[in-house]
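Working notes, beginning with the structure itself.
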Amino acid sequence: MRAAPTILHLDMDAFYASVEQASKPSLRGKAVIVGGLGPRGVVATASYEARRFGVHSAMPTAQARRLCPNGAYLIPRFRLYQAVSEVVMGLLRELSPLVEPLSLDEAFVDLEAGGTAFDSESARETGERLRADIRAATGLSGSVGLAGSKMLAKVASEEAKPAGLLLIEPGTERELLAPMSVRTLPGVGPVTGEHLRRAGITTVGELAEAGEDELVRMVGRSHGVGLYRMALGLDDRPVVAERDAKSVSVEDTFDVDLHDRVRIRTEVQRLADRCVQRLRGSGHSGRTIVLKVRRYDFSTLTRSETLRGPTDDPAVVREAAARLLEAVDTTGGVRLLGVGVTGLADYTQEDLFAQSMAAEEAAAAEAAAGAAGEGATGTVGQEADGAAGAGAPSGSAGPEGPGGPGGPAEAPEAGGPAGEPEQAPERRWAAGSDVLHAVYGPGWVQGSGVGRVTVRFERPGSPPGRVRTFRVDDPELEPSDPLPLVGQEDPRTTL
């Protein structure tokens, strides 16, 4: 615990939904729900307007639609959220070298380490300036908590929501915490909260009065000691600037259970490729490949295989994931698949044994080709090309589609009888995705169906735009990158 409130916690307000409202003027002040839009989708973020209807994050989208039928339901646009997050994190790093990001929209900052605050007055001034800078740079609001510890700073930012600042003066921690629910404390989830409630403990003050021995008896030593310290407002954890990634993974939940074994293999290979993209993007490689399968009855199976050395080779990850899948019974259907890599390292270590075997095989193939003539060489090449094609991901539509989030997904190709031209694939446009029209300029998809797509043409900072409807295959309509929330105005005029 510090004698001055120089640990800052920033939490952006309803981040994903707020970004969508800032970039889509017609949605400002309205209920916006961002998340999966399919039958098994889950809410990622709900605007404060939607929360009044009882919608909250991690709620099934189907339930949210029942509570808030007139809300705007949009797909996440992670590239835009990442870009806005980088701006916010850059402002935090101007305050201190010790910035500990917790997610795209949340971070701790050690103001004392940056020399920007040493007492309550300077800490408050820094917090207010930060909120103003974030508003100017992104057009968004963030809530700031200031305290002498990380736990209290996080509690303060939560109490300050939305768009506020709360500073907890050292020495007032217990008085502030006493009337709060025990669920306010980190690590107290629904199960622990219900266990404490049955014992007559519902507030932090009652938790402190229970004493350490009683809490240890109720929930075990490690948890009980930690709960008691938190109830007293004690937390000595430092702000850690760099957090080592422990794993990289991707997963998809399917709207309809998958039963076709070939389709399941294809999805696993597609997930393996996406996982490797994230792995390389983070500058890591990994030794252990993990496959996650959630079956029709919600039972979840996890299988893993550890390689000889770290790798970021997509072929290696695909092959390992495929081997793991062979050991899993998918009878009855699969509702979720995931591929991950753990045991991360900052380098790759090629398998020397595999290299030597490959060299021997290549030499043997070359000798055989020389004996058989050029025709044999051509056949080998064709077979190799075919194998490579079979191992590549099919691009079959998942939640993001082959174009990634924000773009249209291509329907599977439908080849006609021999001699007839193939039907052009129909484009599908997800609600909330960015588009650009050759005549009307930038806009976003409000909805689509029955061969039509409805687009609202507006941009950040503009008045609410007009709505127009087009054929889904309109050649003048195409997917586009999101526009910045602030500055860099598009020179075209919305019609």
Side-chain angles (χ1 to χ4, degrees), residues 11-28 30-51 55-65 68 71-89 101-106 138-140 142 248-255 270-271 274-275 277-278 281-282 336-338 397-409 428-435 442-448 453 455-456 459-460 479-485:
D11 194 355
M12 300 296 290
D13 299 321
F15 184 53
Y16 295 174
S18 295
V19 170
E20 297 299 337
Q21 289 177 320
S23 64
K24 300 174 171 67
S26 59
L27 296 183
R28 291 171 190 168
K30 297 182 180 179
V32 174
I33 299 93
V34 179
L37 304 186
R40 292 175 177 171
V42 175
V43 174
T45 305
S47 69
Y48 286 98
E49 295 84 358
R51 295 181 189 185
V55 180
H56 57 77
S57 60
M59 171 184 285
T61 303
Q63 182 181 354
R65 289 185 187 276
C68 185
Y73 290 82
L74 310 173
I75 62 165
R77 295 187 295 163
F78 289 109
R79 282 191 298 173
L80 178 58
Y81 306 152
Q82 180 70 50
V84 176
S85 175
E86 289 173 358
V87 173
V88 173
M89 295 301 166
L102 304 180
S103 62
L104 288 178
D105 62 332
E106 186 180 2
T138 67
L140 305 178
V248 173
S249 63
V250 295
E251 61 182 43
D252 277 347
T253 299
F254 304 99
D255 292 343
R270 184 177 63 83
L271 288 166
R274 283 173 52 197
C275 184
Q277 288 177 358
R278 287 193 181 182
S282 67
L336 177 147
L337 290 169
E400 294 183 0
R428 297 194 300 272
W429 303 89
S433 58
D434 297 281
V435 297
W444 59 278
V445 175
Q446 282 204 166
S448 63
V453 55
V455 178
R456 185 180 288 273
R459 66 172 67 90
S480 70
D481 293 328
L483 297 175
L485 298 186

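Keep in mind that what you see is a predicted model, and the values were worked out from it rather than measured.
Although no hydrogens or angles enter the test, the distance criterion places a donor-acceptor pair under 3.5 Å between the side chain of Arg28 and the main chain of Ala22. Listed for the Gln21 side chain is a donor-acceptor partner under 3.5 Å among the backbone atoms of Lys30. In this structure, the side chain of Ser18 engages the main chain of Asp13 through a donor-acceptor pair within 3.5 Å. Judged purely by atom type and a 3.5 angstrom limit, Tyr73 uses its side chain to pair as donor or acceptor with the backbone of Ala64. Between the side chain of Arg77 and the backbone N or O of Ser433 there is no donor-acceptor pair closer than 3.5 Å. In this structure a side-chain-to-backbone donor-acceptor pair under 3.5 Å is missing from Thr45 to Phe15.
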Do Asp481 and Arg79 pass the side-chain contact (heavy atoms from CB on, under 4.5 Å) test, and can you show the C-alpha distance, the side-chain angles, and the key distance before you say yes or no?
CA-CA 9 Å; Asp481 293 328; Arg79 282 191 298 173; 3.3 Å; yes
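In this structure, the side chains of Val43 and Val34 stay at 4.5 Å or more apart for every pair of heavy atoms. Residues Leu336 and Thr253 form a side-chain contact, since some pair of their non-hydrogen atoms from C-beta on lies under 4.5 Å apart. Within the 4.5 Å cutoff, the side chain of Met12 has no heavy atoms near those of the Leu104 side chain.
For Val55 against Ala46, the heavy-atom pair with the smallest separation is CG1-CB, 3.8 Å. Nearest approach of Leu271 to Val250, heavy atoms of both residues: O-CG2, 3.3 Å. Contact record, Thr61 with Gly36: OG1-O, 2.6 Å, taken as the closest heavy-atom pair. Taking both residues in full, the closest heavy atoms of His56 and Met59 are given as O-CB, 3.2 Å, listed atom of the first, atom of the second, then distance. Among all heavy-atom pairs drawn from Gly432 and Leu74, the shortest one is CA-CD2, 3.7 Å. Minimum heavy-atom separation, Ser47 to Ala17: N-CB, 3.5 Å.
For the atom pair CZ (Arg274) and CZ (Arg278), the distance works out to 6.0 Å, reported to the nearest 0.5 Å. Between the OG atom in Ser57 and the CZ atom in Arg51 there is a gap of 7.0 Å [rounded to 0.5 Å]. We find the CG-CG distance between Leu80 and Leu485 to be 5.5 Å, quoted to the nearest 0.5 Å. If you take CD on Gln446 and CG on Leu27, they are separated by 7.5 Å, rounding to the nearest 0.5 Å.
Aromatic ring pairs are classed by plane angle as parallel below 30°, tilted from 30° to 60° and perpendicular above 60°; the pair Tyr16 and Tyr81 is parallel.
Arg456 and Ser26 share a donor-acceptor pair across their side chains, judged by distance under 3.5 Å alone.
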